[in-house]
Amino acid sequence: QVQLVESGGGLVQAGDSLRLSCAASGRTFSTYVMGWFRQGPGKERECVATINWSGSITNYLESVKGRFTISRDNAKNTAYLQMNSLKPEDTAIYYCAHSRKVRTTMNPIDYEYWGQGTQVTVSS
C-alpha cells in the first residue's frame with residue numbers, strides 16, 4: 001500500500017510559478033514510476049508528466065513541455081512538479097499517482113495509487 005499527499009497548489013497569476021510536492025508513504029516508492037495528472041473543469045483527467053524510478057527518464061504532455069519539470073527525491077520519498085510560465089488553461093486539480101510499472105507510462109489505468117489532489121488556479 002502506498003499513500004500519497006500532494007501540496008503546493010494555490011491561486012497565481014499567468015506567468016507565475018508553482019512547485020507541487022507529493023509525499024509518499026508505504027512501501028516501494030523508489031522503485032516505480034510516478035506521475036502527475038490534472039483534471040480541469042469539464043475535462044477528462046490527463047497525464048502531465050511521468051518519471052521513472054531513477055529520474056533518468058521523463059515524459060511530458062506536449063502543452064507543458066519546456067514549462068513543467070518533474071523530479072523525484074527517493075531519499076525523501078517525494079516527487080515534485082515545478083510549473084513555470086503558468087497559463088489560465090493550466091487551471092485544474094493536480095494529482096500525483098504511483099504506478100507499479102517499471103517503464104514510464106502516461107495511461108492513468110497503469111496507476112494504482114492516487115493522492116487526493118491539490119487545486120491550481122491561474123488567473124489571466
Side-chain angles (χ1 to χ4, degrees):
Q1 192 79 6
V2 176
Q3 294 80 41
L4 304 172
V5 179
E6 303 96 336
S7 62
L11 172 62
V12 297
Q13 293 187 335
D16 286 349
S17 298
L18 278 175
R19 187 194 197 200
L20 305 183
S21 298
C22 173
S25 60
R27 53 192 294 239
T28 65
F29 168 83
S30 64
T31 56
Y32 296 112
V33 167
M34 293 295 296
W36 283 98
F37 291 76
R38 68 185 182 188
Q39 188 164 16
K43 298 181 180 179
E44 293 187 354
R45 188 171 296 190
E46 61 182 357
C47 183
V48 175
T50 67
I51 187 168
N52 72 333
W53 71 273
S54 68
S56 62
I57 300 174
T58 57
N59 300 99
Y60 294 93
L61 183 69
E62 189 65 32
S63 61
V64 307
K65 284 182 179 179
R67 299 189 298 122
F68 290 12
T69 303
I70 188 172
S71 61
R72 67 191 297 164
D73 184 338
N74 290 336
K76 296 182 178 179
N77 281 357
T78 302
Y80 304 96
L81 185 68
Q82 177 67 43
M83 305 185 295
N84 299 329
S85 302
L86 282 162
K87 303 176 181 180
E89 51 263 43
D90 295 319
T91 294
I93 299 174
Y94 283 71
Y95 302 88
C96 69
H98 173 284
S99 171
R100 282 185 269 185
K101 298 288 186 182
V102 175
R103 296 185 176 182
T104 56
T105 171
M106 300 188 80
N107 191 337
I109 67 172
D110 291 329
Y111 290 79
E112 293 83 13
Y113 302 105
W114 295 79
Q116 81 290 349
T118 185
Q119 177 71 48
V120 172
T121 303
V122 184
S123 63
S124 57

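None of the values given here were measured: they were computed from a predicted structure.
With W114 contributing its side chain and L4 its backbone, the two residues share no donor-acceptor pair below 3.5 Å. Side chain of E6 to backbone of C96: a donor-acceptor contact under 3.5 angstrom is found. R72 places a side-chain N or O within 3.5 Å of a backbone atom of N52 that can act as its donor or acceptor partner. At distances below 3.5 Å, at least one donor-acceptor pair connects side-chain atoms of T78 with backbone N or O atoms of K76. Put simply, the side chain of Y111 gets close to the backbone of T105: a donor and an acceptor are under 3.5 Å apart. Listed for the T50 side chain is no donor-acceptor partner under 3.5 Å among the backbone atoms of T104. Looking at N74, its side chain never comes within 3.5 Å of a backbone N or O of N77 through a donor-acceptor pair. A distance-only check finds a donor-acceptor pair linking the side chain of E112 to the backbone of R100 [under 3.5 Å].
Ring orientation note: the planes of F68 and Y94 are tilted relative to one another, at an angle of 30° to 60°.
Of the inter-residue distances, the one linking T118 atom OG1 with W36 atom CH2 reads 7.5 Å to the nearest 0.5 angstrom. Atom SG of C47 sits about 9.0 Å away from atom CG of N107, to the nearest 0.5 Å. D90 CG to R67 CZ: the interatomic distance, rounded to the nearest 0.5 Å, is 4.0 Å. A distance of 7.5 Å separates OG of S63 from NZ of K87, quoted to the nearest 0.5 Å. Atom CD1 of I93 is separated from atom CZ of R38 by 13.0 Å, given to the nearest 0.5 angstrom. For the atom pair CD of Q39 and CD of E44, the computed distance is 8.0 Å after rounding to the nearest 0.5 Å.
The nearest pair of heavy atoms linking C22 to M34 is SG-CE, 4.0 Å. Of all non-hydrogen atoms in Y60 and M106, the two that sit nearest each other are C-CE, 3.7 Å. Of all heavy-atom pairs spanning S17 and N84, the tightest one is OG-OD1, 2.9 Å.
Taking 4.5 Å as the limit, some side-chain heavy atom of T91 sits within range of a side-chain heavy atom of Q119. Residues V120 and L20 are in side-chain contact: their nearest non-hydrogen atoms beyond the backbone lie under 4.5 Å apart.
Residues V64 and L18 share a hydrophobic cluster, clusters being chains of Ile/Leu/Val/Met/Phe/Trp/Tyr side chains in contact below 4.5 Å. No chain of hydrophobic side-chain contacts below 4.5 Å, direct or via other Ile, Leu, Val, Met, Phe, Trp or Tyr residues, connects W53 to Y80.
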